[in-house]
2 protein chains.
Amino acid sequence: MQDGNALAVRPDAGLDEDRASGSREKGLNRVLQILEFLHTTQRAIGIGDLAKAVNAPRSTTYTLVRSLVDAGLLEMAGDGNRVYFGKKLYLYGMDYVRGNDLLRRGRQEVDNLSRETGETSELCMLQSGRYTIVHSSPGTRPFRISSATGLQIPLPWTASGRLLLAGFERAVIEDMVSEDDLVLPDGRRLLLDDFIEDIAVAGGVGYCVTSGLVDAYTKCLAAPVFSAPGKVEATICLVVPIDTSGEKTDDLIAMLRERAARLSITG
Amino acid sequence: MQDGNALAVRPDAGLDEDRASGSREKGLNRVLQILEFLHTTQRAIGIGDLAKAVNAPRSTTYTLVRSLVDAGLLEMAGDGNRVYFGKKLYLYGMDYVRGNDLLRRGRQEVDNLSRETGETSELCMLQSGRYTIVHSSPGTRPFRISSATGLQIPLPWTASGRLLLAGFERAVIEDMVSEDDLVLPDGRRLLLDDFIEDIAVAGGVGYCVTSGLVDAYTKCLAAPVFSAPGKVEATICLVVPIDTSGEKTDDLIAMLRERAARLSITG
DNA sequence: AGTATCTGTCTTGTATAGAGTACATGCGTC
DNA sequence: GACGCATGTACTCTATACAAGACAGATACT
């Protein structure tokens, strides 16, 4: 069926589906871009600016925003003519939590962990092929080691990333991880093979520790939460100072693994 | 399927913009319907059934769902070929909470109230013209008087409804409230004029009590939260047994009003 | 007053997204 | 193994949603 029956030579068929975000984009896609943009900027924005930001025509943006505001997914922010997320999204989000035992219990457990250990603790998941901090609890240290909830970070930068990818085919991993993802914030470059090796090791031993990857002062301890035997659904992790003693680290890892096991669904 | 495909005389073009959800609906609208449907059913559903439920063509539904799943707004639910809300919606919802002081503090206050009083407590807001329970905390009574978060109830059935509409024009109120909304669950019928009178009174005294409206066994105490002088942004309310003594009721109202005032933005 | 740059609404043409339909596959049940 | 009834994908046609641009009002600075 694929064979081009006639014309339609698609002169531009080169780039797969990256679409230069050019003309005549589908309305739904524009909306998805808008939501994603608001998520990354974390602030209300004027409609005109929004149009520029997502590279959409102004007129289109006005009609889409109007629809979304009417539906309650967006709200006009207090001061004037800016928009941000609306109550409906909060309600839908609560529905998600209610329907999702793991998230509900995971949040709880992460809050407990950070209270008991005093360290920053996080619940992490894969979110359409990206590493995502789903919930994070700050810890009590004077210097804060915190990352915003919903932040997306390249998989190779994290201990959790190594656990979340356990059990995936090499090919799948390869196209989840871009070249850029392998370059650490300090400019060092990981080798894909090393990363894949890490994943295998992490999957084998059932935990993972990384030191000084995202920044030079912290290490990250992570343990996997299973939704079925062999299937890593999430991780919980602790972010601790890089000079934490080996002994203390071991204790924390043991604790983490115990909690993670408790969260797992033991098929 | 529906009617004669022939000339399509648009026999349904009567109703203003209610659109009989007929043919060639905009993709975004279909998506909004899908989300709303999932919110009301609170469970995962197969794509075929979803198509029927929102009265959309199957092929269209498949493509829309695929987009939404790719974007992470929906997820394929564990067991097989069903969809429900996805992580992205949770993240967006958390963004909303973060950007919204009132909601954050209001949740807290409602949780406190129900712990301290032992009664069911709720935070309520207008949500695109409908009364919505935004957050609810169960209370400790053996018989539970609880309504799910996100539930939408006709405005005239509630004490909060009377407060939330304070300050609106009569005309605005009239078209927020449908005929059906004036019929209580037990079949009794309110008069629109009485309701509007109630609103004026509630706005004047700064609280509202209704007895036996939603059911015969409870009364509802509510106090307004202001986002600006005169502008009611939300209410907090307590649901108590209808035979609660006058004295105790008065105490609870005083407490409620104090908390509500604390939540208000004193312009 | 004059110019510049916003915002929000409206109209018009056409590229295209959605509807319809067909088909392949899977899974029951008789 | 023939039938009914699901799911998921692929195709073609056309009604229409999107883009472009004009417009009126606001605000601001010269």
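All chains are named by letter (A, B, ...) in the order of the sequence lines, taking the proteins before the strands, and each is independently numbered beginning at 1.
At a cut-off of 3.5 angstrom, counting only N and O atoms as typed in the model, there is a donor on one side and an acceptor on the other between the side-chain of Arg58(A) and the base of dG8(C). Arg24(B) contributes no side-chain N or O that forms a donor-acceptor pair with the base of dA19(C) under 3.5 Å.
Taking the side chain of Thr60(B) as heavy atoms from C-beta on, and the options dA19(D), dT7(D), dG18(C), the nearest nucleotide is dG18(C). Side-chain proximity of Pro57(A) to the nucleotides dG18(C), dG8(D), dA20(D) is greatest for dA20(D). Of the candidates dC18(D), dA17(C), dT9(D), the closest approach to any side-chain atom of Lys26(A) belongs to dA17(C). Closest contact between the side chain of Glu25(A) and the listed nucleotides dG18(C), dT9(D), dA19(D) involves dA19(D).
With salt bridges taken as basic N to acidic carboxylate O contacts below 4.0 Å, one links Glu36(B) and Lys88(A).
If you measure from atom OH of Tyr62(A) to atom C1' of dT11(C), you get 17 Å, rounded to the nearest angstrom. For the pair Asn55(A) CG and dA19(D) P, the computed distance is 10 Å after rounding to whole Å. Separating the CG atom of Leu68(B) from the P atom of dG18(C) is a distance of 11 Å, rounded to the nearest angstrom. To the nearest angstrom, P of dA17(D) lies 16 Å from CG of Asn29(A). Distance CZ (Arg30(A)) to C1' (dA17(C)): 14 Å, rounded to an integer number of Å. Taking atom CG on Asn81(A) and atom P on dG25(D), their separation rounds to 19 Å, with Å as the unit. As a whole-Å value, the separation of Met76(B) CE from dT7(D) P is 11 Å. Going from atom CZ of Arg82(A) over to atom P of dG8(C) covers 11 Å, rounded to whole Å.
Residue Ile47(A) is the one, among Ile47(A) and Leu28(A), whose nearest nucleotide of DNA chain C lies closer to the 5' end (criterion: closest heavy atom). Along DNA chain C, the nucleotide nearest to Gly27(A) and the one nearest to Asp49(A) differ in position, and the one closer to the 5' end is contacted by Asp49(A).
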N/O donor-acceptor pairs under 3.5 Å from side chains in residues 162-171 of chain B, not counting sequence neighbours:
residue   : atom : partner   : partner atom : Å
Arg162(B) : NE   : Asp198(B) : OD2          : 2.9
Arg162(B) : NH1  : Pro156(B) : O            : 2.9
Arg162(B) : NH1  : Thr158(B) : O            : 2.8
Arg162(B) : NH2  : Pro156(B) : O            : 3.2
Arg162(B) : NH2  : Asp198(B) : OD2          : 3.4
Arg170(B) : NE   : Glu174(B) : OE2          : 2.8
Arg170(B) : NH1  : Asp193(B) : OD1          : 3.3
Arg170(B) : NH2  : Glu174(B) : OE2          : 3.4
Arg170(B) : NH2  : Asp193(B) : OD1          : 2.8

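Within the 4.5 Å cutoff, the side chain of Leu155(B) has no heavy atoms near those of the Ile173(B) side chain.
Contacts of Arg66(B) with the nucleic acid, taken as non-hydrogen atoms under 4.0 Å apart, involve only primed sugar atoms and P, OP1 or OP2.
With rounding to the nearest 0.5 Å, the separation of CE in Met94(A) from CG in Leu89(B) is 11.0 Å.
Asp70(A) and Ser67(A) form no side-chain donor-acceptor contact under 3.5 Å, judged by distance and modelled atom types alone.
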